[in-house]
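Quick note: residue numbers are just sequence positions, from 1.
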Amino acid sequence: MRWEGAVNAWHVAGDVYRMGRREWLTEAGWRQAYDHGIRTIVDLRNEAEIRRRETDPPVDEAALAAFEVVLAPTEDPANSEFRELCVPYLNDPASYADNARLFPDLLAGVFKAVAAAEGGVIIHCSAGRDRSGMIAAMLQDLAGHSDDAIVRAYQRSMRGINEHHRRSAVPHPHERFLPEDALVPLLESRGESLLRFVRHVKTENFLRHNGITDRELTAILSKLGR
């Protein structure tokens, strides 16, 4: 999606989109998102992560007032098992099943936010890759996308944030730009892990088991164009 300033922004399905941290959008980017029908932002980050940086573009509060921002974190970073499994953070689909096992109520909360959302929805985390990727894969599963489409969407997000690392003036504390020969094996292995997660989680069953009602599921499917 070519909203000015947006990093790693992609269409998921229907009226649902994904991207990296929202603070990267310029004021023009917010207007473009609004014109695209976006009205709700679902932020998957933990509250401590949510802050502006000196390098973020200035955005007038009036431009943001048109959007509802819903905080719906997918994890509890203080959980000791999570910290042991996801070092230094969730960065591989091989850990998605553990995330779903440890925090099913939090994941269900994301889907409740989508069900209740007005207008088009952007789901975002920090990089727009793994927390967003986990939720996006589950949404694509609900939307009936093929295995190949789900894997390709995640791999696009890997390439998207990798390209951002290449040109960003602010070095990431843990990641660096990877050349193609280093990136391709990760694209393949993480794509395989993502597919195992989708087949394991059985999204609709998972959501019903964790409190998503028939009405909410219908609303989510409607957002996805089904």
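Atom SG of C86 and atom CG of D98 lie 7.0 Å apart (nearest 0.5 Å). For the atom pair OH of Y96 and OG of S193, the computed distance is 9.5 Å after rounding to the nearest 0.5 Å. For the atom pair R159 CZ and E163 CD, the distance stands at 10.0 Å (nearest 0.5 Å).
Looking at heavy atoms from C-beta onward, D130 lies in side-chain contact with Y154 at the 4.5 angstrom threshold. By the 4.5 Å heavy-atom criterion applied to side chains, Y34 and R39 are counted as neighbours. R22 is listed as a side-chain neighbour of D43, based on a closest heavy-atom distance under 4.5 Å. At a threshold of 4.5 Å between non-hydrogen side-chain atoms, the residues I122 and F67 do not count as touching. Side-chain contact between I220 and L139 is present, with at least one heavy-atom pair separated by less than 4.5 Å. Within the 4.5 Å cutoff, side-chain heavy atoms of M138 are placed close to those of F197. In this structure, the side chains of M134 and E75 stay at 4.5 Å or more apart for every pair of heavy atoms. When side chains are defined from C-beta on, E23 counts as touching I50, because their heavy atoms get closer than 4.5 Å.
Electrostatic pairing of D56 and R53 does not count as a salt bridge here, judged by no charged N lying under 4.0 Å from a carboxylate O. A salt bridge links R31 to E27: one of the charged nitrogens lies within less than 4.0 Å of a carboxylate oxygen.
Residue pairs meeting the salt bridge (charged side-chain N to carboxylate O under 4.0 Å, His left out) criterion with at least one partner in residues 134-157, sequence neighbours excluded, are D147-R199, D148-R152.
Of all heavy-atom pairs between S126 and R131, the closest is CB-NH2, 3.8 Å.
Within a 6.0 Å radius of NE2 in H200, no more than 12 heavy atoms belonging to other residues, nucleotides or ligands are found. The number of heavy-atom neighbours closer than 6.0 Å to CZ of R51, taken from other residues, nucleotides and ligands shown, is 12 or below. Within a 6.0 Å sphere centred on NE2 of H209, heavy atoms belonging to other residues, nucleotides or ligands number 12 at most.
A donor-acceptor contact closer than 3.5 angstrom links the side chains of Y17 and H36.
Contacts of D35 classified as side-chain contact (heavy atoms from CB on, under 4.5 Å), with partners at least two apart in sequence or in another chain: none.
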